[in-house]
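Take a look at the structure set out below.
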Amino acid sequence: MEFHAPAKINLSLRVLGRRADGFHDLESLMCPVSVFDTLEVTRRVEGELEFVCDDATLPVGDDNLVVRAARLFCGARGIEPRVSIKLTKRIPHGAGLGGGSSDAATTLLALDRLFETRLSRVTLAAMAAELGSDVPFFIYESAAMIRGRGERVEPVAFPHALPLLLIKPPFGVPTPWAYSRWKDACEIPGVPYAAQAFPWGELVNDLERPVFEKYIFLADVKRWLLAQPEATGALMSGSGATVFAVLRSKEDAVSLGERVAREFGADLWLCACETVG
Ligand code: C5P
């Protein structure tokens with residue numbers, strides 16, 4: 001069976017404060033987008049859990065999130081993990097697009113289908129929370145308001161297919177580092193951080209402050225995007241390093257993408273896609 005593991009963007013991300021356990025309380029509107037990794041999951045007659053991935057830079061051992069998800073699921077249900085999982089990556093890592101989290105959540109959803117265990121989303125999301133803060137969101141396969149450290153997921157209707165251009169430089173941003181700098185970070189004069197109002201809500205990300213301090217390139221990309229006629233808004237996703245533009249129309253992605261590459265270099269990862277509510 002083949003399953004799609006979509007990327008996400010954070011349309012809003014408010015950090016409310018640091019908690020005693022070291023995590024941060026959040027309020028974030030997250031939305032899946034139409035770019036996805038693929039998981040091919042099959043039952044094996046004999047043998048152990050088998051995991052292969054087309055991206056050689058990812059670990060395929062027990063610390064891979066897909067392997068951890070499969071072991072967690074099978075352990076909790078008392079099932080032998082006799083499955084083969086083949087992961088095809090399209091979502092870059094260190095991107096703020098939730099690729100690894102989505103792969104993990106999709107593994108739980110896939111095994112629930114494969115073994116016909118029919119677990120509720122609440123049960124699967126509780127398992128997902130053990131794997132990472134962003135993982136429960138992907139269990140609901142919907143746009144959602146996220147609270148707590150990410151484990152409180154309230155699915156919301158988001159019937160707007162916003163056309164997007166995702167832009168990621170060759171470097172990634174480590175998420176723990178971004179959060180650790182949140183409290184003490186300052187705004188850089190001339191960089192736009194203010195919430196951008198739309199009929200459906202607002203674009204704003206509290207992690208831009210710490211991340212832009214170190215990765216000024218990302219602030220430059222955002223500022224440049226906001227000055228382009230094709231873009232109605234621009235924001236960093238999650239803890240970066242992806243910056244996305246909300247476009248007036250889908251067709252604008254090609255011309256804008258060409259100019260982005262000319263302005264900032266051809267080694268950027270560019271992806272035209274849209275939000276899926
Ligand atoms: O939960 P996950 O492993 O994805 O989080 C990675 C890191 O990001 C955490 O170890 C923590 O440093 C930071 N984080 C946080 N508050 C959150 C989510 C993540 O401080 N709500």
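Arg71 CZ: more than 12 foreign heavy atoms inside a 6.0 Å radius. The environment of NZ in Lys89 is crowded: more than 12 heavy-atom neighbours from other residues, nucleotides or ligands sit within 6.0 Å.
Checking side-chain atoms of Ser237 against main-chain N and O of Gly96 turns up a donor-acceptor pair under 3.5 Å. The backbone N or O of Arg18 lies less than 3.5 Å from no partner atom in the side chain of Tyr179, so there is not a single donor-acceptor pair. Using modelled atom types, one side-chain atom of Arg121 and one backbone atom of Ile139 make a donor-acceptor pair closer than 3.5 Å. Formation of a donor-acceptor pair under 3.5 Å by the Ser84 side chain with backbone atoms of Thr42 is not found in this model. Of the possible donor and acceptor atoms, one in the side chain of Glu208 sits under 3.5 Å from a partner among the backbone N and O of Met236. Between the side chain of Asp112 and the backbone N or O of Arg118 there is at least one donor-acceptor pair closer than 3.5 Å. Thr275 places a side-chain N or O within 3.5 Å of a backbone atom of Leu162 that can act as its donor or acceptor partner. Side chain of Glu213 to main chain of Arg209: no donor-acceptor pair is present (N/O by atom type, distance under 3.5 Å, no hydrogens or angles). Panel note: side chain Arg223, backbone Gly190; a donor-acceptor pair is recorded below 3.5 Å. At least one donor-acceptor pair under 3.5 Å links the side chain of Arg90 to the backbone N or O of Phe36.
Using a 4.5 Å cut-off on side-chain heavy atoms (C-beta onward), Phe73 and Thr117 make contact. Residues Asp134 and Met30 form a side-chain contact, since some pair of their non-hydrogen atoms from C-beta on lies under 4.5 Å apart. In this structure the side chain of Phe138 never reaches within 4.5 angstrom of the side chain of Thr106, judged on heavy atoms. Contact of the Val33 side chain with the Val276 side chain is not registered, since no non-hydrogen atoms from C-beta on lie closer than 4.5 Å. Here the side chains of Cys273 and Leu166 are in contact, with some heavy-atom distance below 4.5 Å. Counting heavy atoms from C-beta outward, Phe3 and Leu109 have side chains that stay 4.5 Å or more apart. Between Leu235 and Lys222 the shortest side-chain heavy-atom distance falls below 4.5 Å. The closest side-chain heavy-atom distance from Leu226 to Pro192 is below 4.5 Å.
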- [ ] Begin with the C-alpha distance, continue with both residues' side-chain angles, and end with the deciding distance and a verdict on side chain to side chain contact (heavy atoms under 4.5 Å, CB included) for Leu119 and Arg77.
- [x] CA-CA 10 Å; Leu119 300 181; Arg77 303 304 304 168; 3.6 Å; yes
TODO: Please step through side chain to side chain contact (heavy atoms under 4.5 Å, CB included) for the pair Trp182 and Asp206, ending with a clear verdict.
DONE: CA-CA 8 Å; Trp182 163 75; Asp206 285 347; 4.2 Å; yes
TODO: Could you walk me through whether Arg181 and Lys214 pass side chain to side chain contact (heavy atoms under 4.5 Å, CB included), step by step?
DONE: CA-CA 10 Å; Arg181 294 290 311 139; Lys214 178 163 180 190; over 6 Å; no
Open item on the list: Would Ser239 and Thr175 count as a side-chain hydrogen bond (donor to acceptor under 3.5 Å, both in side chains) here? Give the steps.
Closed with: CA-CA 6 Å; Ser239 57; Thr175 303; 3.0 Å; yes
- [ ] For the pair Leu225 and Leu256, evaluate side chain to side chain contact (heavy atoms under 4.5 Å, CB included) and give the outcome as yes or no after the intermediate values.
- [x] CA-CA 9 Å; Leu225 283 172; Leu256 185 61; 4.1 Å; yes
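Residues Ser28 and Ser12 approach most closely at OG-O, 2.7 Å, considering heavy atoms. Phe171 approaches Leu218 most closely through the heavy-atom pair CZ-CD2, 4.1 Å. Counting all heavy atoms, side chain and backbone alike, Ala253 lies closest to Ala272 at CB-CB, 3.6 Å. The two residues Ser133 and Phe23 have their closest heavy-atom pair at OG-CE2, 3.5 Å. For the residue pair Pro174 and Tyr215, the shortest heavy atom distance occurs at CD-OH, 3.9 Å. Of all heavy-atom pairs spanning Ala104 and Val135, the tightest one is CB-CG1, 4.1 Å.
One distance of note links NZ of Lys168 with CG of Leu270; it measures 11.5 Å at 0.5 Å rounding. Annotation: the span from Arg152 atom CZ to Glu27 atom CD amounts to 8.5 Å, rounded to 0.5 Å. How far CG of Leu11 is from CG of Leu29: 5.0 Å, rounded to the nearest 0.5 Å. Expressed to the nearest 0.5 Å, how far CZ of Arg43 lies from CD of Glu80 amounts to 11.5 Å. Taking CG of Asn205 as the start and CG of Asn10 as the end, the distance is 6.5 Å to the nearest 0.5 Å. Note that CD of Glu2 is 5.0 Å distant from OG1 of Thr38, once rounded to the nearest 0.5 Å.
A continuous path of Ile, Leu, Val, Met, Phe, Trp and Tyr side chains, each step under 4.5 Å between heavy atoms, connects Phe115 with Val67, placing both in one hydrophobic cluster. Residue Met127 is grouped with residue Val41 when hydrophobic side chains (ILVMFWY) are merged at heavy-atom distances under 4.5 angstrom, including chains of intermediate members. Criterion: ILVMFWY side-chain heavy atoms under 4.5 Å apart, direct or through other members. Under it, Leu26 and Tyr193 are part of a common hydrophobic cluster. Linking Ile, Leu, Val, Met, Phe, Trp and Tyr residues whenever their side-chain heavy atoms come within less than 4.5 Å leaves Val15 and Val204 in two separate clusters. A continuous path of ILVMFWY side-chain contacts below 4.5 Å connects Ile79 to Val83, so both sit in one hydrophobic cluster.
Aromatic ring pairs are classed by plane angle as parallel below 30°, tilted from 30° to 60° and perpendicular above 60°; the pair His160 and Phe158 is perpendicular.
Legend: residues meeting side-chain hydrogen bond (donor to acceptor under 3.5 Å, both in side chains) with Asp54, ordered by chain and number and at least two apart, are absent.
Contact check on Glu230 versus Arg248 returns no salt bridge, with no Lys/Arg side-chain nitrogen under 4.0 Å from an Asp/Glu carboxylate oxygen.
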